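Predicted model, so just to flag it, every value in this text is computed and none were measured. Note that these values count all heavy atoms, side chains included, but never hydrogens, waters or copies made by symmetry.
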Amino acid sequence: MKHLTEILHSIAGLKVDGNIDVQITGIASDSRKVEKGFLFVAVAGTHVDGHQFISSAVEKGAVAIVCNKLPVQADSSVTWIKADEPAEVLGLAASNFWGSPSLQMKVVGVTGTNGKTTTATLLYRLFTAMGHRSGLLSTVCNYIGNEQIPSTHTTPDPLQIQELMARMVAAGCEYCFMEVSSHAVDQQRIAGIDFDGGLFTNLTHDHLDYHKTFAAYRDAKKTFFDKLPAKAFALTNIDDKNGLVVLQNCNAEKKSYSARTLADFKVKVLESHFDGMLLNINGAEIWVHFVGNFNAYNLLAVYGAAVSLGAESSEVLRILSSLRPVDGRFETFRSPQGIFAVVDYAHTPDAVKNVLNSINDVKAGSELVITVVGAGGDRDKTKRPEMALEAVSASDRVILTSDNPRSEEPEQIIADMLAGVPAKDRHKVLTITNRKEAIRTACMLAHPGDIILIAGKGHEDYQEIKGVKYHFDDREVVREIFNTTSNN
């Protein structure tokens, strides 16, 4: 419980009408979660405007309301706070309510189209292995020290973020590593977080259903760096054409990483195999249990961020050599007959291209590459044909199948993907809506030594169809099929 004055401390541009010294028992932006003594923040969301639920929040016991337009008949018993950006106020107020936890840890945000989960998770594992109690906010799972907390979004809402960070501080965490999505930046979910570092991985085609244009998508990423404090570091991938663009107005200490040109942190792939790579990072050779150029970039980003945080270079390299891939990120399986399967979260054209390039770089010779891939429903439709094009361009056979169709018909999603396949490549493509049957078919088509890529879902253990989530895990399906075939 805190006084409203404490919660609104240092938040500029507010116009308050009513008792500023009222006691606040909690904060909510969802009127259904309001309880007696709460502060309700009316946020205009993508689909719903919280201003429609102000009266409901008051009925449930809200004693103070943040909004950008006051009701015609404002209840005089309620304290009204008018703000131009209620969404930003939500994050700032939540930080104050939970005691500004980000000020008590080193917080590093990772943003970009691909590589966020791997980079943030490996930073968490690295610093944990170095003896630092750490927290993680990621797509796969959130962690407070060793405690696992299920994740629902790449970046949680401001109330969840601040509560989780407060719990990290209470648990003695020194560091917090978090994925920062473009949605989170645009929706001000990271307002109130004091960042000590920001990391840019890359920028490719994704989320245009939300941002509408690539420029708007890029600018959302850029805004994250624009707001970094001068005391922080900003580490960017300068091999990406947007790597320097996102730092144009950044006041933080700028640092770079690259596999191609001069940079603060450099990597070169010396050898590549299905069980790992030999890398040269800033002049030191290191064997890692990761595959693919994209993972070389991810590991270099982790190295650069760790060194920027003050970690000893040799210790970072020693621990990196012992780390394993994140669940569902180039996760490999081998059947008794010698068929390889790779399960990967690749769900953008560039990610599919990167994973297939890595597979083709590693394979010894004439082995077939068979790709099973789908696209999510109710998401950016423009990337569907591009994903299929990347798949057929680098595979010997492709099976287009269902992913998470959500409210859409999976057959229509597959048809959208098929439209991107050139006529000359149509003979390489099968369409099988049932994802399990698609994976089974790929396994039946494969011979010893062949490689099957199962792309799009990675760590996810469900399929969402017509608003219902059904258990489905690509990894479980592969193990089941491989075990069944070995017993026949």
Between [X] and [Y], is any pair of side-chain heavy atoms under 4.5 Å apart?
| X | Y | value |
| --- | --- | --- |
| T261 | I238 | yes |
| L356 | T371 | yes |
| F127 | M130 | yes |
| P156 | R189 | no |
| E476 | H471 | yes |
| R440 | N434 | no |
| D403 | H347 | no |
| D450 | V369 | no |

| request: Evaluate the side-chain contact (heavy atoms from CB on, under 4.5 Å) criterion for residues I161 and I193: first the C-alpha distance (whole Å), next the side-chain angles of each, then the deciding distance (0.1 Å), finally the verdict. | output: CA-CA 9 Å; I161 290 174; I193 301 175; 3.7 Å; yes
| query | Could you walk me through whether N404 and K457 pass the side-chain hydrogen bond (donor to acceptor under 3.5 Å, both in side chains) check? | reply | CA-CA 8 Å; N404 288 323; K457 293 181 62 59; 3.0 Å; yes
Can a salt bridge be assigned to the pair [X] and [Y] using a cut-off of 4.0 Å between side-chain N and carboxylate O?
| X | Y | answer |
| --- | --- | --- |
| E386 | K383 | no |
| D378 | R406 | no |
| K466 | E409 | yes |
| E331 | R475 | yes |
| R435 | E460 | no |

Between [X] (side chain only) and [Y] (backbone N and O only), is there a donor and an acceptor less than 3.5 Å apart?
| X | Y | answer |
| --- | --- | --- |
| K116 | G112 | yes |
| R397 | V372 | no |
| N280 | K268 | no |
| N295 | V291 | yes |
| R426 | V421 | yes |
| Q188 | V185 | no |
| D239 | A259 | yes |
| T441 | E437 | yes |
| K221 | F200 | no |
| R384 | G376 | yes |

Looking at [X] and [Y], what are the two nearest heavy atoms and their distance?
| X | Y | answer |
| --- | --- | --- |
| G374 | M387 | O-CE, 3.4 Å |
| A341 | V478 | CB-CG1, 3.9 Å |
| A129 | I319 | CB-CG2, 3.6 Å |
| I281 | V267 | CG1-CG2, 3.8 Å |
| S256 | D264 | N-OD2, 2.9 Å |
| Y124 | S134 | CE1-O, 3.4 Å |

| query | Can K469 be said to sit on top of Y462's aromatic six-ring, NZ or CZ under 6.0 Å from centre and within 45° of the ring axis? | reply | yes
| query | Mind checking whether F195 and F224 have ring centres under 6.0 Å apart? | reply |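 Yes - the distance between ring centres of F195 and F224 falls below the 6.0 Å cut-off.
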| field | Centroid separation F274 to F340 less than 6.0 Å | value |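 Yes.
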Do [X] and [Y] pair up side chain to side chain, a donor and an acceptor below 3.5 Å, judged on atom types alone?
| X | Y | value |
| --- | --- | --- |
| S138 | Y143 | no |
| D350 | T348 | no |
| D240 | N237 | no |

| query | Should the heavy atoms of other residues, nucleotides or ligands under 6.0 Å from CG of D275 be counted, would the total exceed 12? | reply |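 Atom CG in D275 is crowded, with more than 12 foreign heavy atoms closer than 6.0 Å.
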| query | Hey, is NZ on K255 packed in by over 12 heavy atoms from elsewhere, all under 6.0 Å? | reply | yes
| task | Give the ring-plane orientation class for W287 versus H273, where under 30° counts as parallel, over 60° as perpendicular and anything between as tilted. | result | tilted
| message | Students often mix this up, so state it plainly: with edges at 30° and 60°, are the rings of Y175 and F177 parallel, tilted or perpendicular? | response |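 Parallel.
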Going from [atom1] on [X] to [atom2] on [Y], what distance comes out if it is rounded to the nearest 0.5 angstrom?
| X | Y | atom1 | atom2 | answer |
| --- | --- | --- | --- | --- |
| L430 | L418 | CG | CG | 10.5 Å |
| T401 | I439 | OG1 | CD1 | 7.5 Å |
| E147 | M168 | CD | CE | 10.0 Å |
| K266 | Y303 | NZ | OH | 13.5 Å |
| L299 | Y257 | CG | OH | 11.0 Å |
| S395 | I370 | OG | CD1 | 9.0 Å |

| query | Would E179 and T139 satisfy side-chain hydrogen bond (donor to acceptor under 3.5 Å, both in side chains), going step by step from the backbone distance to the final call? | reply | CA-CA 8 Å; E179 295 183 51; T139 302; 2.9 Å; yes
| query | Could you walk me through whether F472 and V477 pass the side-chain contact (heavy atoms from CB on, under 4.5 Å) check? | reply | CA-CA 8 Å; F472 191 96; V477 172; 3.8 Å; yes
| salt bridge (charged side-chain N to carboxylate O under 4.0 Å, His left out) between R379 and E464, intermediate numbers included | CA-CA 13 Å; R379 297 295 186 269; E464 186 177 340; over 6 Å; no
| field | Verdict with reasoning, T117 to R329, per side-chain hydrogen bond (donor to acceptor under 3.5 Å, both in side chains) | value | CA-CA 9 Å; T117 300; R329 268 63 176 179; 3.2 Å; yes
| query | So D474 and D461, side-chain contact (heavy atoms from CB on, under 4.5 Å) or not? Walk me through it. | reply | CA-CA 8 Å; D474 286 345; D461 59 2; over 6 Å; no
| request: Determine, step by step, whether D361 and N357 satisfy the side-chain hydrogen bond (donor to acceptor under 3.5 Å, both in side chains) criterion, reporting the C-alpha distance in whole Å, the side-chain angles of both residues, the deciding distance to 0.1 Å, and the verdict. | output: CA-CA 6 Å; D361 286 344; N357 282 348; over 6 Å; no
| task | Carefully, step by step, assess T201 and Y297 under the rule side-chain contact (heavy atoms from CB on, under 4.5 Å). | result | CA-CA 8 Å; T201 60; Y297 277 98; over 6 Å; no
